[in-house]
Amino acid sequence: MIDSEEKLLDRKRTKMLAQIERCKLDLQKDPSNPSLHLRMGDLYIKWHLDIYNACQYVDEAITEYQLAMESLLDSHEIYYKLGVAFFYKGDLDKALNALTTALEKKNNYYEAYYMIAETFIKKAHFTDAVDAAIAAIQCSKLGSSSAHFLLYKLYEASSFKNCKYKFKAFCEQLMSLILIPFDKTALKNICTSISYLAFLPVFIAGFYYIQTRNYASAIDLYKKSIEMAPGFAPLYCVLGDIYLSTGYFEDAITEYKMAIWIDSFNIPAYKHLCHAYEEQGDYNQAIEVYNKLIMMAPAMPDLYSNLANIYYIKGEFDLAISNYQTAITLNPNPSWTSVIAQTMGFVYQENKTDTDAAISAYQTAYVLTPEDIDIYVNLGSAFYDKEDYANALAVYRQALELEPHNAKIHCNLGFLYWGQGVTEEAMKSYELAIKYDTSYDIAYNNLGVIYLDDLGRVNKSIELFTKAIECNPNYALAHFNLARAITIKGNKVEAAKLYQQAQEINAVTQEIDPKDIADKISELFES
C-alpha cells in the first residue's frame with residue numbers, strides 16, 4: 001500500500017484508540033453504568049473485526065458485555081451482542097446459547113436468527129443454517145438482504161446438477177439484490193468489499209514474483225500485507241498456495257485454516273487444505289476435511305472422487321468404491337465420469353478381484369466415451385482375467401479398428417494369443433507392437449520368452465531381452481529372462497550378475513517372486 005493509505009490507517013487507529021480511552025475514563029467515573037459497558041464492548045468488537053487491526057479484542061468485548069448484563073439481565077440486545085462476541089472468538093456453543101437466549105427474550109429478533117445461521121455454518125450444520133436463515137427472513141421482510149444472500153450461498157453450494165437448488169439459489173440472490181437498500185448490514189458488507197480493491201496492487205506484484213519464481217519476495221510481500229490486514233482471507237489463501245507449491249506443507253495448512261476461519265464458505269481454501277494434508281501424508285485429516293466439504297456442497301462429484309482416491313491409497317477399497325459410485329451418480333459430464341468409472345473398474349479388478357464388477361464399470365465408461373482406447377485395454381484385460389478369451393479378443397479387435405497402429409493393443413493381443421497357445425499369432429502381434437513402438441520393453445521381453453521357451457532360439461531371445469533392458473534398464477523380469485538365456489549358453493558368471501541385478505531391481509519393482517530369483521541363483525552353482 002502507498003504511504004497515504006498507511007497514514008489514513010494510522011489516523012483511523014488513533015481515532016479508535018481515542019474512543020476506547022474516552023470510554024474507559026467515563027467508566028472510571030461510573031463503573032456500574034451498563035450503557036457504557038455496552039459502548040465499550042461495541043468498540044472492542046468493531047476494532048477486533050477491522051481487517052487492518054492486528055490485535056485481538058474479543059475477550060475484552062465479552063467482559064464488557066457480561067458486566068453490562070449484571071444490570072440488564074433481561075436485555076435481548078446484550079445476549080445478542082454476547083453471542084456475536086463468542087462467535088468471533090470461535091466459541092460456537094456459547095454463541096448459540098447466548099443467541100438462543102436473545103430469541104427467548106425477543107422471539108422475532110432478525111439479527112439473532114441471522115447470527116445463528118452464520119454460527120451453524122461454521123459448525124457445518126448446514127440444514128440448521130438454512131432453517132435459521134429462513135426464520136430471519138420471516139422476522140424482517142424488507143431488511144433481510146443479508147439472510148437472503150446467506151441462503152443463496154447455501155443453495156448455490158448444493159446446486160451442482162440440481163435444477164431445484166439452482167432455481168432456489170437464483171431466487172435468493174435476486175431477493176438479496178432487491179433488498180440491499182433496506183439492509184444496513186448488506187450495505188456495510190458491500191462497502192467493505194469495495195474497499196478490498198486496495199489490495200489489487202499487492203496481488204499483481206505477488207503474481208509477478210510467482211511467475212518469476214521469486215518465492216521469497218512473494219512470501220515476504222503477503223506476510224507484510226497480512227500484518228497490515230490480518231482479517232483479509234484471500235491473503236492467507238495465496239500465501240498458503242505459495243507454501244504448498246514450495247513444499248512447506250505445515251505453513252500452508254496454517255494459512256488455509258486461517259482463511260477458512262475468516263470465511264467459512266471458502267471452498268477453494270478447503271480443497272487446498274485437503275491437498276496440503278495429502279502431500280503431507282496425513283490422509284486422516286484430509287478425509288475429515290473432505291467430509292466437511294461434502295456436508296457443505298453435497299452435489300459436487302469431484303469431492304467424492306478425491307475422497308475415494310484417498311481411501312484407495314489407504315487400502316480401504318470398499319469406501320473408495322462407494323465414493324466413486326457416488327461421483328458417477330452425480331455425472332457432471334461424460335468424459336469425467338468415464339475416467340471415474342475406469343478408476344473404479346481398476347479397483348475392482350486389481351484389489352477386489354471382482355472381474356464381473358470391473359467389467360461392468362469399464363462397460364459404463366465405454367457407453368460414455370466409446371472413443372477412449374484405454375477402455376478397450378482395460379476391458380479386454382478384465383475379460384482375460386475372467387478367462388473369457390472370446391470377449392477379450394473381440395474387444396481388442398474392435399480397438400484396432402479405432403487405432404490400428406496402437407502398440408499396446410497389439411501387445412495385449414499377443415499376450416492373449418500366447419495364453420491360448422496360438423504362438424504364431426502371438427509373435428505377429430508382438431512384432432507389430434514393436435514396429436509401432438520401437439521402445440516397447442514389454443513386447444521385446446514377451447517375444448523373447450516365446451523364442452526362448454517355445455522355439456528354443458536362444459540367440460534371438462538374448463537379442464530381444466537385451467533390447468528390452470536397453471529400453472528399460474529397471475526391468476527386473478527382462479534381466480531375469482536374459483540370465484536364463486545366458487545360462488543355457490553356459491556363461492554362469494554373467495548369468496549370476498544378471499540374476500543379482502534382477503534381484504536388486506525387483507526389491508523395488510516387485511515384478512517377480514523373490515524366491516524364483518533365489519532358486520535360479522542356487523541352481524547355477526549346484527550344477
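FYI, the numbering just counts along the sequence from 1. It should be emphasised that the depicted structure is a prediction, and the values quoted were computed from it without experimental measurement.
The salt bridge (charged side-chain N to carboxylate O under 4.0 Å, His left out) search around Lys123 returns Asp93, not counting sequence neighbours. Under the side chain to side chain contact (heavy atoms under 4.5 Å, CB included) criterion, Ser461 pairs with Tyr451, Leu452, Val458, Phe465, Ala485, not counting sequence neighbours. Taking the side chain to side chain contact (heavy atoms under 4.5 Å, CB included) definition, one finds that Phe249 meets it with Leu244, Glu279, Gln280, sequence neighbours left out. Every residue two or more places apart in sequence or in another chain was checked for a salt bridge (charged side-chain N to carboxylate O under 4.0 Å, His left out) with Asp516, and none qualifies. The ring pair (Phe, Tyr, Trp, His ring centres under 6.0 Å) test applied to Tyr362 returns no partner, not counting sequence neighbours. Applying the ring pair (Phe, Tyr, Trp, His ring centres under 6.0 Å) criterion to Tyr312, with sequence neighbours excluded, gives Phe317.
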Without placing hydrogens or testing angles, list every side-chain donor-acceptor pair under 3.5 Å for residues 418-427, not counting sequence neighbours.
unit_1: Trp418; atom_1: NE1; unit_2: Asp454; atom_2: OD2; d: 3.3

Check residues 493-503 and write down every donor-acceptor pair under 3.5 Å in which the side-chain atom is one partner and the other belongs to a residue at least two apart or another chain.
unit_1: Gln500; atom_1: NE2; unit_2: Glu504; atom_2: OE2; d: 3.4

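Side-chain contact between Tyr348 and Ser360 is absent, with no heavy-atom pair separated by less than 4.5 Å. Contact of the Met300 side chain with the Leu330 side chain is not registered, since no non-hydrogen atoms from C-beta on lie closer than 4.5 Å. Looking at heavy atoms from C-beta onward, Cys237 lies out of side-chain contact with Phe232 at the 4.5 angstrom threshold. A 4.5 Å side-chain heavy-atom check between Thr487 and Glu523 finds every atom pair outside the cut-off. Counting heavy atoms from C-beta outward, Glu403 and Ile409 have side chains that stay 4.5 Å or more apart. Taking the side chain as every heavy atom from C-beta outward, Ile462 and Lys489 approach each other to under 4.5 Å. Looking at Phe346 and Asn378, their side chains never come closer than 4.5 Å, going by heavy atoms from C-beta outward. The side-chain heavy atoms of Ile517 and Ile521, taken from C-beta on, include a pair separated by under 4.5 Å.
Sorted by first and then second residue, the salt bridge (Lys or Arg N to Asp or Glu O under 4.0 Å) pairs with a member in residues 199-214 form an empty list; sequence neighbours excluded. The list of salt bridge (Lys or Arg N to Asp or Glu O under 4.0 Å) pairs with a residue in residues 379-393, not counting sequence neighbours, reads Asp356-Lys386. Sorted by first and then second residue, the salt bridge (Lys or Arg N to Asp or Glu O under 4.0 Å) pairs with a member in residues 463-487 read Asp453-Arg484, Lys460-Glu463, Lys467-Glu470; sequence neighbours excluded. Here salt bridge (Lys or Arg N to Asp or Glu O under 4.0 Å) pairs that include residues 289-305, with residues two or more places apart or in two chains, are Lys271-Asp302.
The main-chain N or O of Ile512 is found under 3.5 Å from a side-chain atom of Asn506 such that the two form a donor-acceptor pair. A donor-acceptor pair under 3.5 Å links the side-chain atoms of Thr329 to the main chain of Gln325, judged by distance alone. In terms of modelled atom types and a separation under 3.5 Å, the side chain of Asp437 and the main chain of Ala433 share no donor-acceptor contact. A donor-acceptor pair under 3.5 Å is absent between the side-chain atoms of Asp220 and the main chain of Ala216, judged by distance alone. Formation of a donor-acceptor pair under 3.5 Å by the His410 side chain with backbone atoms of Lys428 is not found in this model. Ser322 places no side-chain N or O within 3.5 Å of a backbone atom of Asp318 that could act as its donor or acceptor partner. Gln349 contributes no side-chain N or O that, together with a main-chain N or O of Ala358, makes up a donor-acceptor pair within less than 3.5 Å.
With rounding to the nearest 0.5 Å, the separation of CG in Asp354 from CD1 in Ile321 is 8.0 Å. To the nearest 0.5 Å, atom CG of residue Leu293 and atom OH of residue Tyr290 are 7.5 Å apart. Residue Tyr248 holds its OH atom at 14.5 Å from OG1 of Thr254, rounded to the nearest 0.5 Å. Atom OG1 of Thr364 is separated from atom CD1 of Ile359 by 12.0 Å, given to the nearest 0.5 angstrom. Distance CD/Glu118 to CG/Leu150: 5.0 Å, rounded to 0.5 Å. Interatomic distance, CD1 of Ile505 versus CD1 of Ile469, reported as 7.5 Å (0.5 Å rounding).
Between Ala327 and Ser305, the closest heavy-atom pair is CB-N, 4.1 Å. Nearest heavy atoms, Ile260 versus Ala269: CG1-CB, 3.7 Å. The shortest heavy-atom contact between Ala129 and Ile121 is CB-CG1, 3.7 Å. Between Trp261 and Lys89, the closest heavy-atom pair is CZ2-C, 4.2 Å. Considering every non-hydrogen atom in both Ser338 and Ile375, the closest pair reads OG-CD1, 3.6 Å. Contact record, Ala308 with Asn323: CB-CB, 3.6 Å, taken as the closest heavy-atom pair.
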(request) Could you check Asp282 against Asn284 for side chain to side chain contact (heavy atoms under 4.5 Å, CB included), going step by step and ending with a plain yes or no? (result) CA-CA 6 Å; Asp282 192 343; Asn284 290 331; 4.2 Å; yes
(message) Does Met344 form a side chain to side chain contact (heavy atoms under 4.5 Å, CB included) with Ile328? I'd like the steps, not just the answer.
(response) CA-CA 10 Å; Met344 188 171 69; Ile328 289 170; 3.7 Å; yes
(request) Start with the C-alpha distance between Tyr430 and Asn446, add both sets of side-chain angles, then the distance that settles side-chain hydrogen bond (donor to acceptor under 3.5 Å, both in side chains), and finish with yes or no. (result) CA-CA 8 Å; Tyr430 284 131; Asn446 290 2; 3.1 Å; yes
(request) Give the C-alpha distance, both sets of side-chain angles, the deciding distance and a yes or no for side chain to side chain contact (heavy atoms under 4.5 Å, CB included) between Ile204 and Tyr208. (result) CA-CA 6 Å; Ile204 291 173; Tyr208 171 77; 5.9 Å; no
(request) Evaluate the side chain to side chain contact (heavy atoms under 4.5 Å, CB included) criterion for residues Tyr155 and Val130: first the C-alpha distance (whole Å), next the side-chain angles of each, then the deciding distance (0.1 Å), finally the verdict. (result) CA-CA 9 Å; Tyr155 289 144; Val130 169; 3.8 Å; yes
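Taking the six-membered ring where tryptophan is involved, the planes of His272 and Tyr256 are perpendicular, since the angle between them exceeds 60° and thus also 30°.
For an aromatic pair to be called close, the ring centres must be under 6.0 Å apart, and Tyr304 with Tyr324 fails this. Close placement of the Tyr366 and Tyr376 rings is indicated, their centers lying within 6.0 Å of each other.
Side-chain atoms of Glu278 and Asn309 include no donor-acceptor pair closer than 3.5 Å. Side-chain contact check for Tyr475 and Asp441: no donor-acceptor pair (N or O, by modelled atom type) lies under 3.5 Å.
Counted within 6.0 Å of OH on Tyr215, heavy atoms from surrounding residues, nucleotides or ligands total more than 12; the atom is thus considered enclosed. Crowding of Lys224 atom NZ: a count of heavy atoms from other residues, nucleotides or ligands under 6.0 Å not exceeding 12. The number of heavy-atom neighbours closer than 6.0 Å to OH of Tyr311, taken from other residues, nucleotides and ligands shown, is above 12.
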